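Model, not experiment: these values are computed from the prediction.
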Amino acid sequence: MSNSKIAVPDTLPLLRDRIDSIDSQIQSLINERARCAEKVAEVKLAEQGDEAVVFYRPEREAQVLRRVMERNEGPLGNEEMAKIFRQVMSSCLALEKPMRIAFLGPEGTFTQQAALKHFGKSIISAPMAAIDEVFREVESGAANYGVVPVENSTEGVVNHTLDTFRDSQLKICGEVEERIHHHLLLSPNVNADDVTHIYSHQQSLAQCRAWLDRYWPHVERVAVSSNAEAARLAAEAGRSGRAIAAIAGEVACELYDLVKVSANIEDRPDNTTRFLIVGTQDVPASGKDKTSLLISAKNEPGALYRLLEAFERHGVDMTRLETRPSLMSRWGYIFYIDFVGHYQDPECQAVIEELRDRAAEVKVLGSYPVAVL
């Protein structure tokens, strides 16, 4: 008689028992991690004191998430696995100290969506009415960090954000890249066939124009202050039986208990917005970083060429160049430059030193981890 074990076929009850056992192990390990995070907070407080302690370390979190994605073996995708760990880290950090995050509001905007993506859901959200208010909230210490949009792949740069950096002492501490998915939303109390108006921000209406022309050509489109406001108005209308639809994102859909009539209606599926995380501290190198500069060039022939030449000669990859009026002199300009690397890297330091010799002003806006999620 053979001594080999007879394989027992998987049955639904056996698989469910196994899942329950795995869930119990996962729960125990998460709580073990949380207890370790509490110990980290105690050590930091003992070593640094209550006033100086920094609980959130952008470079450390970026390194952890990169390792999660590198060692992932599936079947869950790398980004899905990283999102799970992102929330575990957020919950553990909240045990150390819940963070208050200011963002360009109101609630339900894509900026809030970016804030939740970067920091996780275990934060205190603080919507602000304008970009400069986000900066002031962080500068005053009322918020730990702020989240503001800086550029969109189809609409271009957000000038207000760039301009606010001129007089602010805040540092860029991180970045988030958010794929912008627009959904046509409606109150569950009304019928889609009865829709009379579609509300959204003018930029979102423009980004969905071809889809709207094809499927809703005869419905009036109304531009409002934000997608979140459009969702709020649609929910309010639904409670009184009026059929108003909104174009907005996932967070607004959940916030106002709306249903998706159609999902991902944007004309360009690669539509992406980049957001910046602003704070008060410098961020150490994470191993994969980006640096942003503000440069006021001298008003002389060849000035821009001499600035850009330094990057080529030292082998530093410049990824973005934007120009804004300086407001200090007529036809004077300020350049905003992003490049790959940390400002403490030797080749980056060499570039910055040369720029300071050739420009009227060079301001390092910050070095920060390249977006992981």
Side-chain angles (χ1 to χ4, degrees), residues 79-80 83 103-117 121 125-131 134 147-158 160 176-275:
E79 188 167 329
E80 283 302 312
K83 286 179 180 177
F103 63 91
L104 179 62
E107 284 194 306
T109 59
F110 285 111
T111 311
Q112 183 181 22
Q113 197 165 302
L116 295 174
K117 181 178 181 179
K121 296 183 178 180
S125 296
M128 299 288 123
I131 288 171
V134 174
V147 183
V148 292
V150 68
E151 62 178 326
N152 177 266
S153 59
T154 60
E155 302 296 330
V157 70
V158 180
H160 192 178
V176 189
E177 291 185 357
E178 182 73 8
R179 288 287 293 274
I180 303 302
H181 292 304
H182 295 301
H183 313 307
L184 187 68
L185 308 176
L186 193 63
S187 169
N189 303 327
V190 296
N191 193 308
D193 293 334
D194 299 328
V195 169
T196 59
H197 296 79
I198 296 175
Y199 286 11
S200 194
H201 188 273
Q202 61 181 6
Q203 191 175 81
S204 299
L205 290 171
Q207 292 172 354
C208 303
R209 183 183 295 113
W211 187 91
L212 291 170
D213 288 345
R214 181 177 181 182
Y215 294 104
W216 298 79
H218 304 301
V219 176
E220 184 178 349
R221 304 165 198 177
V222 181
V224 295
S225 60
S226 70
N227 293 344
E229 175 64 6
R232 187 191 70 79
L233 291 170
E236 185 180 85
R239 287 191 289 271
S240 61
R242 293 179 296 127
I244 291 177
I247 295 175
E250 197 73 36
V251 171
C253 179
E254 295 175 4
L255 181 64
Y256 293 105
D257 295 321
L258 299 174
V259 295
K260 293 179 186 176
V261 179
S262 297
N264 301 345
I265 66 172
E266 61 276 2
D267 297 333
R268 294 183 61 91
D270 60 345
N271 183 20
T272 302
T273 296
R274 178 174 171 241
F275 300 85

> For E155, which residues count as a salt bridge (Lys or Arg N to Asp or Glu O under 4.0 Å) partner, sequence neighbours excluded?
none

> Going by salt bridge (Lys or Arg N to Asp or Glu O under 4.0 Å), name the residues that satisfy it together with E236, two or more places apart in sequence or in a different chain.
R232

> Under the rule for salt bridge (Lys or Arg N to Asp or Glu O under 4.0 Å), what residues qualify as partners of E151, not counting sequence neighbours?
R274, R320

> Test W211 against L184 for side-chain contact (heavy atoms from CB on, under 4.5 Å), laying out the working first.
CA-CA 11 Å; W211 187 91; L184 187 68; 4.1 Å; yes

> Which residues pass the side-chain contact (heavy atoms from CB on, under 4.5 Å) test with A210, sequence neighbours left out?
D267

> If you take all heavy atoms of L104 and T109, which pair is closest and at what distance?
O-OG1, 3.1 Å

> I'd like to check the side-chain contact (heavy atoms from CB on, under 4.5 Å) partners of Q202; sequence neighbours left out, ordered by chain and number.
A223

> Is the shortest heavy-atom distance from the side chain of I180 to the side chain of E266 under 4.5 Å?
no

> R268: which residues meet the side chain to side chain donor-acceptor pair (under 3.5 Å) condition with it, sequence neighbours left out?
D270

> Quick check for you: to the nearest 0.5 Å, what is the distance between S200 atom OG and L212 atom CG?
9.0 Å

> Holding to side chain to side chain donor-acceptor pair (under 3.5 Å), I want the full list of residues that pass it with T273, two or more places apart in sequence or in another chain.
N152

> Could you note down all residue pairs passing salt bridge (Lys or Arg N to Asp or Glu O under 4.0 Å) where residues 198-219 supplies at least one of them, sequence neighbours left out?
D213-R221

> Can you list the residues that meet the ring pair (Phe, Tyr, Trp, His ring centres under 6.0 Å) rule with F110, with sequence neighbours excluded?
H182

> On a heavy-atom basis, which atom in H201 and which in S225 lie closest, and how many Å separate them?
CD2-O, 3.1 Å

> Taking only residues at least two apart or on different chains, which pairs with a member in residues 178-205 satisfy salt bridge (Lys or Arg N to Asp or Glu O under 4.0 Å)?
K117-E178

> Contact between W216 and V195 at the side-chain level, heavy atoms closer than 4.5 Å - yes or no?
yes

> Going by heavy atoms in the side chains, are R239 and S187 under 4.5 Å from each other?
no

> Determine yes or no for a side-chain-to-main-chain donor-acceptor pair under 3.5 angstrom, with S226 supplying the side chain and E229 the backbone.
yes

> Between side-chain atoms of residues 241-263 and protein atoms elsewhere (two or more places apart, or another chain), which donor-acceptor pairs fall under 3.5 Å?
unit_1 : atom_1 : unit_2 : atom_2 : d
R242   : NE     : S240   : OG     : 3.3
E250   : OE1    : H183   : NE2    : 3.4
E250   : OE1    : K260   : NZ     : 2.7
E250   : OE2    : K260   : NZ     : 3.2

> Just so I know, are the side chains of V222 and E220 near enough to count as touching, which here means a heavy-atom distance under 4.5 Å?
yes

> How close do V150 and V157 get, heavy atom to heavy atom, and via which atoms?
O-CG2, 3.3 Å

> When rounded to the nearest 0.5 angstrom, what distance separates CG in N227 from OH in Y199?
14.5 Å

> Please name the pair of heavy atoms, one in A228 and one in P106, separated by the smallest distance, quoted to 0.1 Å.
CB-CG, 3.8 Å

> Among residues at least two apart in sequence or on other chains, which ones pass side-chain contact (heavy atoms from CB on, under 4.5 Å) with V158?
I131, P149, T161

